[in-house]
Each structure stands twice: as structure tokens, then as C-alpha cells.
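A note on names: the letters A, B, ... follow the listed sequences, proteins ahead of strands, and every chain is numbered from 1.
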Amino acid sequence: MAWQEERCPECGSEEVIVDHERGEIICQKCGLVISSNIVDEGPEWRAFDHEQLVKRDRVGPPLSPVLYDEGLSTQISIEKIGYEDASKRRQLYRLRKWQRKIKTLDATAKNLALAFFEIRRISSILGLPEHVVELAATYYRQALKKRLIKGRSIEGVCAAVIYLACKEAGIPRKLSELAEAANVNRKEVGRNYRNLVRSLAIKVLPTRPIDFIPRFSAALKLPGIVSSYAIKIALRAREKGLSSGRGAPGLAAAAIYIAATLFGERRTQKEVAQISGVTEVTVRNRYKEMFNKLNIEVLV
DNA sequence: AAGACGAAAGTGGTTGA
DNA sequence: TCAACAACTTTCGTCTT
């Protein structure tokens, strides 16, 4: 992870922050975008506990885990077989029957095919990057192997694995967002998610407010400098113990609200609240707390 | 007229016995 | 499994810009 050692060429600060969503490294001090497209280096550039598992799962040729049969299945068309050669025709017919058998009998493959389609569908609604889709697919595979899907809806489990993948990739989405995109109620997604984490023994770090900030800022059409500053505020708030027990989206919203106001890019509490999926009241409460306990002007 | 503010009651999730 | 609890939401009246 060479980028962690990097200094900002502008101000020499070592405090750089990673915007996972847009694949950029941003200086925390001056907001300079140091490098971009780091996501293209591959989905596994972060060291998680489960990384080994995922890697081992993918040993072999670089096939996308999203293709349920790895794209190797072949269709034999019966129409192309002539009627003149009876034995050949019978032989091919048998072959085709076998194929059908394999496909339909293998409930696992069928389930995977459906699930991967669903994962793609949900992910595209939420505009998630490819590496998250693949991570989600990998989780689904593991879940299926451990028989976790039994008795649950495919959509519900798909929503849960995507929720988990987003978290792990550093671009968290809210449970309600997943539930809405998947057309499943939030409770079910939450239940599946907890089940997943427990059974796969995945260590999930609590969602950080700063992971929400780039996305919310972009949605509010705020310049990068505001986003960087909001991150700074959020980090400072955490130091002061203002984040414990508080929901990450609300904290992110408040930090953005303050930063935007400070940089003359004012957004109303309503706008910020809407993008963040919290109410104005929550934005207000968090921002009040931050403003009172944080010495904001010192940060500039 | 729109935004910000704060009180108060209601809701859903977590926790600990 | 149930009750207590904190965080968050909803609603609404009032103040500010």
C-alpha cells in the first residue's frame, strides 16, 4: 500500500484520505487530489481478515465469479442436426438431454444464476462499482456453500451480501437503501446480514462517517475541498468522543453541513438531510454538538 | 416565504437480566 | 424473552433571514 506512505506534494501533509467511491486519494489538509483511479488496481488492495479466503476462492484462471457457470456452458442446437442420420441424431439428442439434466438438477447452479442476476440488478440501481459486485458474489457463493440461503429469499440474501460488500469496500450503503432497491423489507435484510457475518466469521468494522462523506458531498454537488474539510471535521468529532453511539450518516451530514457553510457553499439542512437519509432534526442536533464542542475556526 | 430552531411524543433496535 | 434505554423520527409551533 504505497499510497499510505505518500505525502501531499502541495503542503507536505501526511494526512491523506482515500475516497473509495471515486478511487481518489485526497489530501486532508488542502483538499488536493493526489492520485486517482486507484480502484483500477483491483478489488483486493485492502487488507481484510477475509482476504485470504476470498483469494483462495479465486485461485485459477481469472474468471469472474459473477458468471455462474464461468461462461463455459455450451448449447447444442437440435435444429442443426439432420434427420438423415438416425444414430447420430440420437446420440446428440442424448447429449442435449444430459445438458438439460445437469443444469436443472444442479439446484446450486440455478440458485447462483438467479442470485448473480439479482446482485447485478440491485447493484446497478445503486450504481455500485464492479469490484463490489464481485465481492458480493463471492460472499453469496460462500453463503450458499454453508447452506445459509435455505429458508430465505434469494433477493433478501442478495441485498445482505451487497450490504456487506459495500461496507467492506469502504463505500457503505444504508440498510434501507438496499432494502428498497431489492424490494425486500429492511428487517429481513438486517437479519440476513447478521446471519451472514456470524456464519462466515467476518470481522466487520463499524461504519465510519467519513466513508459517507464523499458520496453525500458529490450528491450535493459540493467541491472537493468542502468534502475534505468535512472529513476533517468528522475525524475531529471522533477524537472528541462525539461519535460514540451516533449514527454514521447523521454525523457525516452534520460535518458536510458545517463544511459547506464555512466555504460559502451553503446547503440547507433539508437538502443535506435528504441526501443523507436522516431528518433535519438529526442534522441539527449533530451539528449543534459539533459546533459547540469543536473549535471549528482553529481547523481552517 | 423559506429556512432554522427546539420541544415533545412516537418508533424501532440494542442490551442485559 | 422481555423490559429498559438511547438514538432517531415525526410533528408542530415559533423565531430568523
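- Between A:Gln269 atom CD and B:dA2 atom C1' the separation is 12 Å, expressed in whole Å.
- Rounded to an integer number of Å, the gap from A:Glu280 CD to C:dG13 C1' is 14 Å.
- One finds no side-chain N or O of A:Arg267 lying less than 4.0 angstrom from the OP1 or OP2 phosphate oxygen of B:dG3.
- The closest side-chain donor-acceptor pair between A:Tyr257 and A:Arg266 falls under 3.5 angstrom.
- Residues A:Arg267 and A:Ile275 fail the side-chain proximity criterion, which asks for heavy atoms closer than 4.5 Å.
- Here A:Arg191 lies out of heavy-atom contact (under 4.0 Å) with every strand.
- With contacts defined as side-chain heavy-atom distances shorter than 4.5 Å, the pair A:Ile256/A:Phe212 does not qualify.
- With a 4.5 Å cut-off on side-chain heavy atoms, A:Glu188 and A:Arg191 count as touching.
- One can place CZ of A:Arg286 at 15 Å from C1' of B:dC5, the figure rounded to the nearest angstrom.
- Closest-nucleotide positions on DNA chain B for A:Lys288 and A:Arg194 were compared, and the one nearer the 5' end corresponds to A:Lys288.
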Pairs counted only when both distances fall under 3.5 Å, Watson-Crick or G-U: show me the 5' to 3' dot-bracket for DNA chain C, [ ] for pseudoknotted crossings and | for other-strand partners.
|||||.|||||||||||
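- OP1 or OP2 of B:dA4 sits under 4.0 Å from a side-chain N or O of A:Tyr257.
- In this structure, A:Thr268 reaches the sugar-phosphate backbone alone: every heavy-atom distance under 4.0 Å involves primed, P, OP1 or OP2 atoms, never a base.
- Rounded to an integer number of Å, the gap from CZ of A:Arg284 to P of B:dG3 is 13 Å.
- Regarding contacts with the backbone of B:dA4, a side-chain N or O of A:Arg266 is found under 4.0 angstrom from either OP1 or OP2.
- The NZ atom of A:Lys174 sits 15 Å away from the P atom of B:dG12 (whole-angstrom rounding).
- With sequence neighbours excluded, the residues forming a salt bridge (charged side-chain N to carboxylate O under 4.0 Å, His left out) with A:Glu289 are A:Arg246, A:Arg286, listed by chain and number.
- Here B:dG3 presents its C1' atom at 14 Å from CD of A:Gln274, a figure rounded to the nearest Å.
- Counting heavy atoms from C-beta on, the side chains of A:Asn111 and A:Tyr140 come closer than 4.5 Å.
- For B:dG12, the OP1/OP2 oxygens have no side-chain nitrogen or oxygen of A:Arg186 closer than 4.0 Å.
- Summarising the geometry, the separation between NZ on A:Lys270 and P on B:dC5 is reported as 15 Å, rounded to the nearest angstrom.
- Looking at the side chain of A:Thr279, the nearest of the listed nucleotides C:dT10, C:dA7, B:dC5 is C:dT10.
- Among the nucleotides B:dT14, C:dA7, B:dA7, the one closest to the side chain of A:Arg246 is C:dA7.
- Going from atom CG of A:Asn285 over to atom P of B:dA7 covers 10 Å, rounded to whole Å.
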